[in-house]
Amino acid sequence: LLCDKTFVIDDSRKNKCPTEIFMEKMFKMEVLLTSMRIGEVAEFWCDAIVNWLLRERAKNTCGMGNLLHYHSTGFPELDELMRTPQPLIFIMELITGGSGVFTQILDDEKLKVVPLLHLLGNALVNQARFREAAEKYQEAVVLLRTVQSKEMPGDEDYINLGRLIIPLVLNYCQCMLELEEYYEVIENTTELLDKHKDCIKAYYKRAKAYVAVWSEKEATRDFQMVANLDITLSRLVQRELNLLSERMKEKYWEDIERYWNILDDKEEKMDAKEESNGEHSQSPEEVKDAEEGNNPSVADENKHDTKREESAAEANHRITALTEGKDWQQMLRLIMLLQD
């Protein structure tokens, strides 16, 4: 039918026999039809781009090629569709044949490929070829999710396929850790934990990624989840938390050093600027004139010096008030604020 359902272009029910469709790689609706069950009626929307591809494909066949060459199919409605492609609607009922069997063959082939990709990924990891290994793990995950999408969520097959996906995603995340793509690890482990909240390895790998991006709060939370789910790992978790604390302290002192270096650079630039502005020492006569008010420029300079000293004293007082009683984490936040 046309997309507005106002005109039926062709109806195979008027024929003596039902239409037979042979699956090939170039058939545009193969994925749709192979997902149908026998007796199912489905409605498919075929947009104008696909229509155009089908028309181009037709030019390579003898009969349709001749019809296109002579600018007519013999049916005015089809001639118009050839000239101005538009979306079509196909309503199909699967009477017999491939549905379940054909789909099952495809799914079985995909499931046979998954362990091979897994083994190949492991071999690449042993050679430290992490990027290539990650691609193999990811390819296997895509195959499993394609098969899983045809199952009913909650069914036994759906759950079993989900369990097969877990180690592949974890292996992929380990490769991403090695490649220092930490946010990719966080994204994939979070997606995995949304479905499998008791996956200890996913919490651990996400915690390691959070450590690498200096997210102390999130890393601590995930490490604690690991200890809660498996108490035998408490010693490992405590060691990781100690290392995290040391890392944060090191970063704190590095930030302090960087901050003071910035201040020193600014002071040097200010000193250089003052020297370039031709600052000079005051002679006794200039000081005397300034005290008597006879030299306004020198008097103004003295006033500015006094104000600068007062501002510096006030700033020191404020810094002392801000930093007094603060622990190192609070000081780190203060440093980041001052840097901004």
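Numbering of residues begins at 1 and proceeds along the displayed sequence.
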To the closest 0.5 Å, what do you measure between [atom1] ([X]) and [atom2] ([Y])?
X      : Y      : atom1 : atom2 : result
Asp230 : Leu236 : CG    : CG    : 10.0 Å
Glu135 : Phe130 : CD    : CZ    : 14.0 Å
Ile165 : Leu144 : CD1   : CG    : 5.0 Å
Thr146 : Leu161 : OG1   : CG    : 10.5 Å
Met225 : Arg206 : CE    : CZ    : 9.0 Å
Ile186 : Glu218 : CD1   : CD    : 8.5 Å

Using modelled atom types only, decide if a donor and an acceptor are shared between the side chain of [X] and the backbone of [Y] within a distance under 3.5 Å.
X      : Y      : result
Glu43  : Ile91  : no
Tyr137 : Asn122 : yes
Tyr210 : Lys217 : no
Asp11  : Arg13  : yes
Ser245 : Leu241 : no

With a 4.5 Å cut-off on side-chain heavy-atom distances among I, L, V, M, F, W and Y, is there a chain of contacts connecting [X] to [Y]?
X      : Y      : value
Leu179 : Val213 : yes
Leu111 : Met152 : no
Leu193 : Val211 : yes
Leu177 : Val141 : yes
Leu2   : Phe44  : yes

Test item: side-chain donor near acceptor, Asn228 and Tyr203, under 3.5 Å: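 There is no such pair between these side chains.
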Short side-chain donor-acceptor distance under 3.5 Å, Gln238 and Asn242: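 Yes, because at least one side-chain N or O of Asn242 sits under 3.5 Å from a partner of the opposite role on Gln238.
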side-chain contact (heavy atoms from CB on, under 4.5 Å) assessment of Glu240 paired with Leu243: CA-CA 5 Å; Glu240 292 287 356; Leu243 289 173; 4.3 Å; yes
Stepwise side-chain contact (heavy atoms from CB on, under 4.5 Å) test for Leu168 and Leu117: CA-CA 10 Å; Leu168 291 165; Leu117 291 170; over 6 Å; no
Flag if over 12 foreign heavy atoms under 6.0 Å of CD, Gln127: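 Yes, the 6.0 Å shell around CD holds more than 12 heavy atoms from other groups.
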Lys205, NZ: over 12 other non-hydrogen atoms inside 6.0 angstrom: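 For Lys205, atom NZ is crowded (more than 12 foreign heavy atoms under 6.0 Å).
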Validation row: Val169, Thr189 side chains within 4.5 angstrom (heavy atoms):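 SC-SC contact between Val169 and Thr189 ruled out.
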4.5 Å side-chain heavy-atom contact, Glu184 and Asn188: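 Yes; the side chains approach each other to less than 4.5 Å.
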Quick one: closest heavy-atom pair of [X] and [Y], and the distance?
X      : Y      : answer
Val185 : Cys173 : CG2-O, 3.5 Å
Val125 : Cys175 : CG2-SG, 3.9 Å
Tyr182 : Ala209 : O-CB, 3.7 Å
Cys199 : Ile166 : SG-CG2, 4.1 Å
Gln86  : Cys3   : OE1-SG, 4.4 Å
Val114 : Ala140 : CG2-O, 4.0 Å

Under-4.0 Å salt bridge between Glu181 and Arg131: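 Arg131 and Glu181: salt-bridged.
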Test: Arg247 and Glu250 ion pair at under 4.0 Å: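 No, this pair does not count.
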Residues Arg163, Ile159; criterion side-chain contact (heavy atoms from CB on, under 4.5 Å); working and verdict: CA-CA 6 Å; Arg163 288 173 180 162; Ile159 294 171; 3.8 Å; yes
side-chain contact (heavy atoms from CB on, under 4.5 Å) assessment of Ile9 paired with Leu1: CA-CA 5 Å; Ile9 296 176; Leu1 304 88; over 6 Å; no
